[in-house]
Amino acid sequence: MTTSIPPALILVLGGLVLPFLGGRARAAWILVLPLVTLALVWALPDGPALTVAYLDYELTPVKADNLSRLFATIFSIMAFAGGLFALNQRRVYELAAAFVYAGSAVGVAMAGDLITVFVFWEMMAVASTLVVWSAGTRSSYRASIRYVMVHLFGGVILMVGIIAHVADTGSVAFGPMRPETFGTWLMLIGFLVNAGAPPLSAWLPDAYPEASWSGTVFLSAFTTKAAVYVLLRGFPGAEILIYVGLYMIFYGIIYALLENDMRRILAYSIVNQVGFMVTGIGIGTEMALNGAAAHAFAHIIYKALLLMSAGSVMFMTGKRKCSDLGGLFQSMPLTTICGGIGALSISAFPLTSGFISKSMINQAAADEHMALAWLLLTAASAGVFLHAGIKFPWFVFFQKDSGLRPPDPPWNMRAAMILFAVLCIGIGVLPGPLYAILPYPVDYAPYTVAHVVHMLQLLLFAGLAFFLMLSLMKRTLTITLDFDWFYRTFGVSVVRFLLRVFGPVDRKARRTGLVAFGRVVHQIYRHHGPAGALARTASAGNMVFWVIVMLAGYLVIYFI
Amino acid sequence: MSEQTGRDAKELHWLVRPSTIRKLWWWSCGSLAVLTLADLVVHGHSYFWIDGTFGFYSWYGLLTCAAMVLFAKGLGVFLKRDDTYYDD
């Protein structure tokens, strides 16, 4: 054992100290903590690094292998870049919550047992809620409450699943399972709630765009990708995940196509991208699992980059609707270029990170001769370019001129975007280092002439479709109803209806009951109250008299 | 943040001048044609019969994207609401 400091605690405890620091100390603290975490993660040898006895169980809060190291690495890198981007965020609690959130995600990635997973899982739910909340608007408060209710619900399902599983097997170890028992099914459902799976996907596009310009960048990275991690660890090859993932892919595309809020477009596209990973986990071959893991790694970077560019636009203009934006490329060239690189990466253009990660999932479907899944994944790859690759940059930075001429954002925000843009291209050009840290040995060459030509054909013709149908994509001041309608509108109506119909009946029943109860109390009071016959006080003389009468009676009976 | 000063072609950013946009269209159409014709010389491994058809990725990308846009449009008829729908 080279170290027994859990890497997660650095970010969690460090985040809690953050509100008490100011000036340069705060900036240094923000940038150093993630790097220390990263160093600790890589200092851990394979296997359990810390064990703790708890009740009858032996917990393993820190356990390292390729998979956990991969996710802990990208979570730490994300905390660093997100911290850099948010250095000029004035709300101190947001970054504190974000660091606790990032640390908890590292905790999930390094957890060797289900109880530790659960503890960090719930810490993520609470910390991420605070990130949404700290935007400080009424709509963010309300969204954060809806968000936390969905996550606590998912957490309860997960907890019941873990309890049932531990009762079944007697072990808290976290390893590959099959969704066959009550416990494992509930755990799978609990994990999927955080992945943004149907039917509860709406929590993600509902809550994330309500956070501040910097908060959404953090939110995009941890909850869904920690869910991808636990699915990779716990349910590789579970067939149902193929169908769940494919649904998520198309749900994300269709809703993003209808959306007007630039950050909600990107939020829908998170569900879409996580759908690719979930599908890969469902296919379950080494190629597919490697693809899902690599795609999670690449996705965190380019999605954060996209949301940084959107956050920069919001920071500089105060606007978030596509219908209010446009033409910004003229005065925000760096933001446009970085957003464009993020858009090309998410679309899996050759020489970007998405190209070398997503294609492994498609390849796995082809290798397994899953014709339908492959056709849908290929169509979806084109659809990603449509809804995120072109739509987002087109409506925000180009299209009609909004007349807005904000400059590029402050230096720290530019630096964070440049860092992630360089990583997007770097991973795309030199995939070797990423392939080397994937869970399984990689036997895949992304850059063949045919693959590059085919991908370009697919993407550029998707682009043609976009511009040919531009009139159909005209932005409107609308939202699209989703499953959250059931708990935001329908549920409220049901409660109001019940109040209206049963309210008077209930009031009358309670009033009648109260009157009847009052009568009973009154009767008791009459007999037992201070003036009641049964509670009257008697004098000592009276007592002596009755004792003498009793004794006299006793004497008489004795003599007889 | 200065207001846009005029719509005169000379004052427009070079990227949004009508002449540039026309050129961009021609270049794009040219690249699409060249890419599709590249199928004559580039033969990738085909896993299913359909991905071996000529220009598969070109027509498949175009058609599926058109289908997704139309499907979204259709769904929007039923599910679109004003963006103040959930406001109090």
Side-chain angles (χ1 to χ4, degrees), chain A residues 139 250 253-258 260-261 317 321 327 329-331 366-367 369 371 374-375 378-383 385-387 398 401-406 448-451 453-469 472-473 476-482 488-489, chain B residues 1-5 7 12-16 21 24-25 28-29 31-39 41-51 55-88:
Chain A
S139 63
F250 286 97
I253 294 174
I254 300 298
Y255 271 79
L257 283 174
L258 289 167
N260 186 35
D261 181 316
T317 65
K321 290 175 186 168
F329 78 96
Q330 306 192 32
S331 60
D367 288 342
H369 302 290
W374 183 84
L375 282 172
T378 306
S381 299
F385 190 43
L386 198 63
H387 83 273
F398 300 99
D401 192 350
S402 62
L404 299 168
R405 291 289 183 276
T448 62
V449 177
H451 185 202
V453 168
H454 288 160
M455 202 63 195
L456 286 175
Q457 287 176 342
L458 189 72
L459 293 177
L460 294 183
F461 273 88
L464 178 66
F466 178 87
F467 287 107
L468 287 177
M469 304 180 91
L472 291 179
M473 315 270 274
T476 49
L477 288 170
T478 50
I479 56 160
T480 312
L481 294 186
D482 200 338
R488 295 176 74 173
T489 301
Chain B
M1 276 179 258
S2 68
E3 287 293 311
Q4 193 188 4
T5 44
R7 300 237 162 235
L12 284 176
H13 191 282
W14 64 269
L15 197 59
V16 287
I21 293 174
L24 279 175
W25 266 109
S28 310
C29 291
S31 351
L32 291 174
V34 169
L35 268 173
T36 308
L37 291 175
D39 261 15
V41 280
V42 175
H43 299 287
H45 179 67
S46 144
Y47 293 87
F48 317 99
W49 70 266
I50 195 167
D51 61 334
F56 167 76
Y57 291 87
S58 302
W59 64 258
Y60 189 70
L62 186 67
L63 291 184
T64 51
C65 281
M68 282 183 264
V69 171
L70 292 176
F71 181 81
K73 200 75 189 161
L75 192 71
V77 172
F78 299 102
L79 295 181
K80 264 194 175 187
R81 296 288 183 278
D82 284 348
D83 61 2
T84 52
Y85 179 77
Y86 283 122
D87 297 353
D88 287 338

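The chains referred to below are lettered A, B, ... by the order of the sequence lines, with proteins before strands, and numbering in each begins at 1.
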Count the heavy atoms of every other residue, nucleotide or ligand shown that sit under 6.0 Å from CZ of B/Phe71, and state whether that count exceeds 12.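 No, not enclosed.
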
Determine the option with the most heavy-atom pairs under 4.5 angstrom with chain B, choosing from [options].
{"options": "A/Phe466, A/Phe250, A/Phe329", "result": "A/Phe329"}
{"options": "A/Leu375, A/Val453, A/Asp367", "result": "A/Leu375"}
{"options": "A/Ala256, A/Ser331, A/Ala380, A/Ala382", "result": "A/Ala382"}
{"options": "A/Leu468, A/Thr448, A/Thr378, A/Ile253", "result": "A/Thr378"}
{"options": "A/Asp261, A/Leu464, A/Val449, A/Asn260", "result": "A/Leu464"}
{"options": "A/His369, A/His451, A/Lys321, A/Arg488", "result": "A/Arg488"}

Verdict with supporting geometry, A/Asp401 and B/Val16, side chain to side chain contact (heavy atoms under 4.5 Å, CB included): CA-CA 9 Å; A/Asp401 192 350; B/Val16 287; over 6 Å; no

Answer with side chain, backbone, both or neither: which region of [X] has an atom nearer than 4.5 Å to a non-hydrogen atom of chain B?
{"X": "A/Met473", "result": "side chain"}
{"X": "A/Leu460", "result": "both"}
{"X": "A/Leu386", "result": "side chain"}

From [X] atom [atom1] to [Y] atom [atom2], the distance as rounded to the nearest 0.5 Å:
{"X": "A/Leu458", "Y": "B/Cys65", "atom1": "CG", "atom2": "SG", "result": "7.0 Å"}
{"X": "B/Leu75", "Y": "A/Tyr255", "atom1": "CG", "atom2": "OH", "result": "5.5 Å"}
{"X": "A/Thr476", "Y": "B/Arg81", "atom1": "OG1", "atom2": "CZ", "result": "12.5 Å"}
{"X": "B/Leu12", "Y": "A/Gln330", "atom1": "CG", "atom2": "CD", "result": "8.0 Å"}

Given the rule in the side chain to side chain contact (heavy atoms under 4.5 Å, CB included) test, do A/Leu459 and B/Tyr57 qualify, once you have shown the distances and angles that lead to the verdict? CA-CA 9 Å; A/Leu459 293 177; B/Tyr57 291 87; over 6 Å; no

So which heavy atom on B/Lys73 is nearest to which on A/Leu472, and how close?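 The answer is NZ-O, 3.3 Å.
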
Return the minimal non-hydrogen interatomic distance between B/Asp39 and A/Gln457, and the atom names on each side.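 Minimum heavy-atom contact is OD1-NE2, 3.1 Å.
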
Side chain to side chain contact (heavy atoms under 4.5 Å, CB included) between B/Leu79 and A/Asp482, worked out: CA-CA 8 Å; B/Leu79 295 181; A/Asp482 200 338; over 6 Å; no

Top contributor to chain A contacts, counting heavy-atom pairs under 4.5 Å, from B/Ala72, B/Ser58, B/Cys29, B/Gly61: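 Between B/Ala72, B/Ser58, B/Cys29, B/Gly61, the count favours B/Ser58.
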
Counting heavy-atom pairs under 4.5 Å to chain A, which of B/Val42, B/Leu15, B/Thr64, B/Leu35 comes out on top?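 Option with the top pair count is B/Leu35.
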
Residue that, paired with B/Tyr85, satisfies side chain to side chain contact (heavy atoms under 4.5 Å, CB included) out of A/Thr478, A/Thr480, A/Thr489: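 With B/Tyr85 as partner, side chain to side chain contact (heavy atoms under 4.5 Å, CB included) holds for just one option, A/Thr489.
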
Name the orientation class of the two ring planes belonging to B/Phe48 and A/Trp374 (parallel below 30°, tilted from 30 to 60°, perpendicular beyond 60°).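 If you compare the ring of B/Phe48 with that of A/Trp374, the planes turn out tilted.
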
Is [X] close to chain A through its backbone or its side chain, or both, or neither, when contacts mean heavy atoms under 4.5 Å?
{"X": "B/Phe56", "answer": "side chain"}
{"X": "B/Ala66", "answer": "both"}
{"X": "B/Trp59", "answer": "neither"}
{"X": "B/Ile50", "answer": "side chain"}

Please report the C-alpha distance between A/Leu481 and B/Tyr86 in whole Å, then the side-chain angles of each, then the deciding distance to 0.1 Å, and finally whether the side chain to side chain contact (heavy atoms under 4.5 Å, CB included) criterion is met. CA-CA 10 Å; A/Leu481 294 186; B/Tyr86 283 122; 3.9 Å; yes

